[in-house]
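We name chains A, B, ... by the order of the sequence lines, and we start the count at 1 in each one.
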Protein chains: 2
Amino acid sequence: MNDLNTELSDLRLGERLRILRERAGLSQRALAKRANVTNATISLVEADKMNPSVGALRRILDGIPVSLSEFFAFEPEPEQVIFYQASDLPEIGKGKLSLKRIGNSQFGRAMTILHERYEPGADTGRVMYRHEGEEGGIVISGRIEITVGEERRILGPGDGYYFDSRKPHRFRQVGPEPCVIVSACTPPTF
Amino acid sequence: MNDLNTELSDLRLGERLRILRERAGLSQRALAKRANVTNATISLVEADKMNPSVGALRRILDGIPVSLSEFFAFEPEPEQVIFYQASDLPEIGKGKLSLKRIGNSQFGRAMTILHERYEPGADTGRVMYRHEGEEGGIVISGRIEITVGEERRILGPGDGYYFDSRKPHRFRQVGPEPCVIVSACTPPTF
DNA sequence: TCAGACTGTTAACGATCATGAACGACCTAA
DNA sequence: TTAGGTCGTTCATGATCGTTAACAGTCTGA
């Protein structure tokens, strides 16, 4: 016994489909005909006894017609994540540069927070980044050389920076110990 | 050979899922772990080689996290229906009262058009309807007795009406031939 | 009362999903 | 170079979907 039932009752597909279908004045069979699905399918979905494929659901909704987006509009949002557990944060970047993003990929968020770790020798490269927005940060530990446009500076613990991301920029770790930075950029970069 | 491939490429689930996943900095396996799905599932979905169930897609999206509504937000709307073929219009109502709704159940529409046909003896009943909005119409053929609040009138071809739906109202066919009316009400009643 | 047409539900079965385990490719460190 | 790690892909199999076909219940009209 898996949690199919839990999942189904959680989605409440059936309830909403039935409401929309009846609102349109369609019987299960009438809708089935329009949707190129059988009435049994609609019956089972409405009874929360089946977990339809996305394609099947779309065909059904097309028969009403209602878009998938509209259909799920009343779906409770996945509760806004407020707290991020370190072990859950995916590690981005490769090699000597490790990034952990906080608040990323959340629609409607104005910025992205990064927890960056530069191992000795780490370097964002000669090809300098450029993108829309602004970014800033504070060095937590270690030392890093930051180049922004024509400016170059080496920062240590407690030091900070802030610049327009459209200026070409480059980060390069210096010294024997890794450098840790917490930064933010806006709007969220991908 | 069915049209599974057509359906899948039509939905473009894979493309969007991949974009969202990568934007979140997650590998297929990392996302799979969060979503309680296997990496193979994500791989196949992204390659448009599988039509996931709604439940599975939701689990995957929860791992990003993105709501179903957001995920389908960019789905092209089912092209706004402009022309309705009579044979396609579902017939609502029972017995002597037949209704055909035009533009119903379309989110974002301001009103519903009804093609009503009252067979001899048809009557919306003594329990008079009341609902939000306004409604009006024109009699095409036959004769009908309309009661709105304290007002009562018998209308024939070419006659029209318009009133606030919150007033109790009742329609009753009179005469030997069926009565056909085209009406509109706002906002769409369910 | 009966036949007919409709409603939504349910059982059995073939098609498909979702899984677990393998694969080759790539990178990193030793 | 090798070993170990990750990446995304692919194959075989059990679980589930979606269909076909039947079912009982309701309503209409004869």
Pick out the pairs of N or O atoms, protein on one side and nucleotides 18-20 of chain D on the other, that lie under 3.5 Å.
{"unit_1": "D:dG18", "atom_1": "OP1", "unit_2": "A:Ser53", "atom_2": "N", "d": "3.0"}
{"unit_1": "D:dG18", "atom_1": "OP1", "unit_2": "A:Ser53", "atom_2": "OG", "d": "2.7"}
{"unit_1": "D:dG18", "atom_1": "OP2", "unit_2": "A:Ser53", "atom_2": "N", "d": "3.4"}
{"unit_1": "D:dT19", "atom_1": "OP2", "unit_2": "A:Thr38", "atom_2": "N", "d": "3.2"}
{"unit_1": "D:dT19", "atom_1": "OP2", "unit_2": "A:Thr38", "atom_2": "OG1", "d": "3.1"}
{"unit_1": "D:dT19", "atom_1": "OP2", "unit_2": "A:Thr41", "atom_2": "OG1", "d": "2.3"}

Protein-nucleotides 3-7 of chain C N/O pairs under 3.5 Å:
{"unit_1": "C:dT7", "atom_1": "OP1", "unit_2": "A:Ser27", "atom_2": "OG", "d": "2.8"}

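Residues passing the side chain to side chain donor-acceptor pair (under 3.5 Å) test with B:Arg152, sequence neighbours excluded: B:Thr147. Judged as a salt bridge (charged side-chain N to carboxylate O under 4.0 Å, His left out), and not counting sequence neighbours, B:Arg143 has no contacts. When the side-chain contact (heavy atoms from CB on, under 4.5 Å) test is applied to A:Asn39, the partners found at least two apart in sequence or on another chain are A:Arg29, A:Ala32. The side chain to side chain donor-acceptor pair (under 3.5 Å) test applied to B:Glu177 returns no partner, not counting sequence neighbours. Evaluation of the side-chain contact (heavy atoms from CB on, under 4.5 Å) rule for A:Ala40 yields A:Thr38 as partners, not counting sequence neighbours. Annotation: salt bridge (charged side-chain N to carboxylate O under 4.0 Å, His left out) contacts of A:Arg18 (sequence neighbours excluded): A:Glu46. Applying the side chain to side chain donor-acceptor pair (under 3.5 Å) rule to B:Glu151 yields no partners; only residues at least two apart in sequence or on another chain are considered.
Rounded to an integer number of Å, the gap from B:Ile42 CD1 to D:dT10 C1' is 16 Å. Following rounding to the nearest Å, B:Glu46 (CD) and C:dA18 (P) show an atom-to-atom distance of 14 Å. Protein atom CD1 of A:Ile60 is 13 Å distant from nucleotide atom P of D:dC17, rounded to whole Å.
Taking side-chain N and O atoms only, B:Lys49 has no distance below 4.0 Å to OP1 or OP2 of C:dT16.
Atom CZ of residue A:Arg21 and atom OG of residue A:Ser27 lie 7.0 Å apart, to the nearest 0.5 angstrom.
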